[in-house]
Amino acid sequence: MGEVRSLLRHIPKVDEVLMDERLLFFYKDTPRNVIVDSVREKLDSIREEILEGKLTEISDKDELISDIVSSITEKKKKNLRRVINATGVVLHTNLGRAELSKAAAAAVAEVADSYSTLEYDLKRGQRGSRQDIVEAAVRKVTGAEAAMVVNNNAAATMIVLAAMARGKEVVVSRGELVEIGGSFRIPDVMSESGAFLKEVGTTNKTKPSDYENAYNEEMTGAFMKVHTSNYRIVGFTEDVSLPDMVELGKKFRVPVIYDMGNGLMTDLHRYGVNEPTVKDAVAAGPDVILFSGDKLLGGPQAGIIIGSKKYIDLMKKHPLARAFRVDKMTLAALETTFYQYQDEDKAMKDIPVLRMISSTEEELSEKAKELMAKLCEAVPSFSYEVEKCLDQVGGGSAPTNYLKGCAVALYKDGIPAEKVERLLRKAEIPVVARINHDRVLIDVRTVNEDEFDEVISAVKFVEKTIGGKEGEH
Ligand SMILES: *Cc1c(COP(=O)(O)O)cnc(C)c1O
């Protein structure tokens, strides 16, 4: 008992530990509470272990401080953290969909910590509209008459239906009643908007006559076409093309809405991606088109609505416009992204989503070899191989298209791939990779060259953790 009391007396005091110079280093950028909590927790746990008789000797100061430093470092990790996407899925929904271009990210940073012209007209020195910030650029790039931006495409669908067809029927093909990401379902959005869904046709076939028969002078508010972004119906199928829908709309004087989802500006067929483009959609002439900002457009999360001024004006005045409006950072990123589209060739290189999708097998093979050479040199205890693989666009786009890609396979005898994969996620900058045939694949399509050093650091971390005593079980 006397021994326990003497041990307890030897536990350092909180204030004393706080003065250690190895902790002083944290003070300039860490809230004091975080440091104090880490010290207290460590000292409390020592006290408990002594009382439980598990500790017969107070660990030395260095060990104590090093434990506290790890605890502070752990506490400082943010919940929203940067990761390296080594999955080869370009628009990885769980990893934040599109990576912004460098220029778009810089534009966000510029307005983030300063005042801006969000709703201010500098020329006239008066109040302006945030919708004007991107409208001209969107119009220029898409060729549309008017444009408006909301939080995402789900919000866009909602406001379009509420403004154009509240209390009326909206005719949609049964083959196009999509669900995206678990919570966006056309029938549910429709009922929330106050419009009534009028389903026509069958799952695999819908004909112009189906829309004609559904038309009712009193009740029909709009014909709506929904792009089946994340699935395709194959086999004996028939649907009504957008131009034919526009014809039907003209015939019955009913507005036509096209929910296209992807927001693709440049044709990607030559890269093996079969998705319609916004320009083709505009050329077909529906009254309103809506799409996401962070899918194939490669911008920030947003819902972009383009079309005739008459309808866009209705939406701008709608009460939901305020609820769904975007902030200055979204607008900054979007304005720059659309600006970049004014030079399409350059956009293919500067907008990450387009650059990643258009990377050829040869380019990716070279890139994988380069990463492998660096890994061989930095972490020779692992085995590596360049492996061909199939990548996906992701984000609910081009569900049936696979892109030919390349990965660095990484393995070590006696170590399960699951363990390597898990440890890569625990690295300081986590690497999210996939497993194929008991090997971890670092797919280089979605890893930028300037991230190679961080991938190497992560693999070093895995090696150290496996080799060290602290290896997990
Ligand atoms: C992705 C998608 C949506 C939902 O868009 P979010 O931007 O994720 O809200 C709606 N409709 C279609 C056709 C889509 O592809």
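These numbers come from the heavy atoms of this one structure, side chains and all, not from hydrogens, waters or symmetry mates. Atoms within each ligand, like the ligands themselves, are counted from 1 in listed order.
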task = Search all heavy atoms of Ile159 against all heavy atoms of Met315 and return the closest pair with its distance.
result = CD1-O, 3.7 Å

ask   = Got the closest protein heavy atom to atom 14 (C) of ligand 1, with its distance?
value = Lys295 NZ, 3.0 Å

ask   = Where does Asn153 meet ligand 1, judged by heavy-atom distances below 4.0 Å: at the side chain, the backbone, both, or neither?
value = both

key: Among Ala302, Ser292, Gly293, closest by any non-hydrogen atom to atom 7 (O) of ligand 1   = Ser292

message = Looking at Lys207, I'd like to know if its NZ atom is crowded, meaning that more than 12 non-hydrogen atoms belonging to other residues, nucleotides or ligands lie closer than 6.0 Å.
response = no

key: For atom 15 (O) of ligand 1, the protein heavy atom that lies nearest, with its residue and separation   = Ser229 OG, 2.4 Å

query = Against heavy atoms of Gly261, which atoms of ligand 1 measure under 4.0 Å?
reply = 12 (C), 13 (C), 14 (C), 15 (O)

query = Does a sphere of radius 6.0 Å around CZ in Arg322 hold more than 12 heavy atoms from other residues, nucleotides or ligands, not counting ones at 6.0 Å or beyond?
reply = no

ask   = Got the closest protein heavy atom to atom 9 (O) of ligand 1, with its distance?
value = Ala154 N, 2.9 Å

query = How about Gln340 and Ser101: does a side-chain donor come under 3.5 Å of a side-chain acceptor?
reply = yes

key: Positive for side-chain contact (heavy atoms from CB on, under 4.5 Å) with Leu297, one of Leu264, Val141, Ile304   = Ile304

task = Assess Ile180 for proximity to ligand 1: is some non-hydrogen atom of it under 4.0 Å away?
result = yes

message = Please classify the Glu179 to ligand 1 contact at 4.0 Å (heavy-atom distances, strictly less than): side chain, backbone, both or neither.
response = neither

key: Residue pair Lys76 / Thr30, side-chain donor-acceptor N/O under 3.5 Å   = yes

task = Please determine if His227 has a nitrogen or oxygen closer than 3.5 Å to a nitrogen or oxygen of ligand 1.
result = no

query = If you measure only the distance, is there a donor-acceptor pair under 3.5 Å linking the side chains of Asn262 and Glu275?
reply = yes

inquiry  = I need the nearest protein heavy-atom contact for atom 11 (N) of ligand 1: residue, atom name and distance, please.
reply    = Asp259 OD2, 2.8 Å

request  = For residues Phe196 and Arg166, determine if any side-chain heavy atom of one lies less than 4.5 Å from a side-chain heavy atom of the other.
outcome  = no

task = Note the single closest protein heavy atom to atom 8 (O) of ligand 1, along with its residue, its atom name and the distance in Å.
result = Arg97 NH2, 2.8 Å

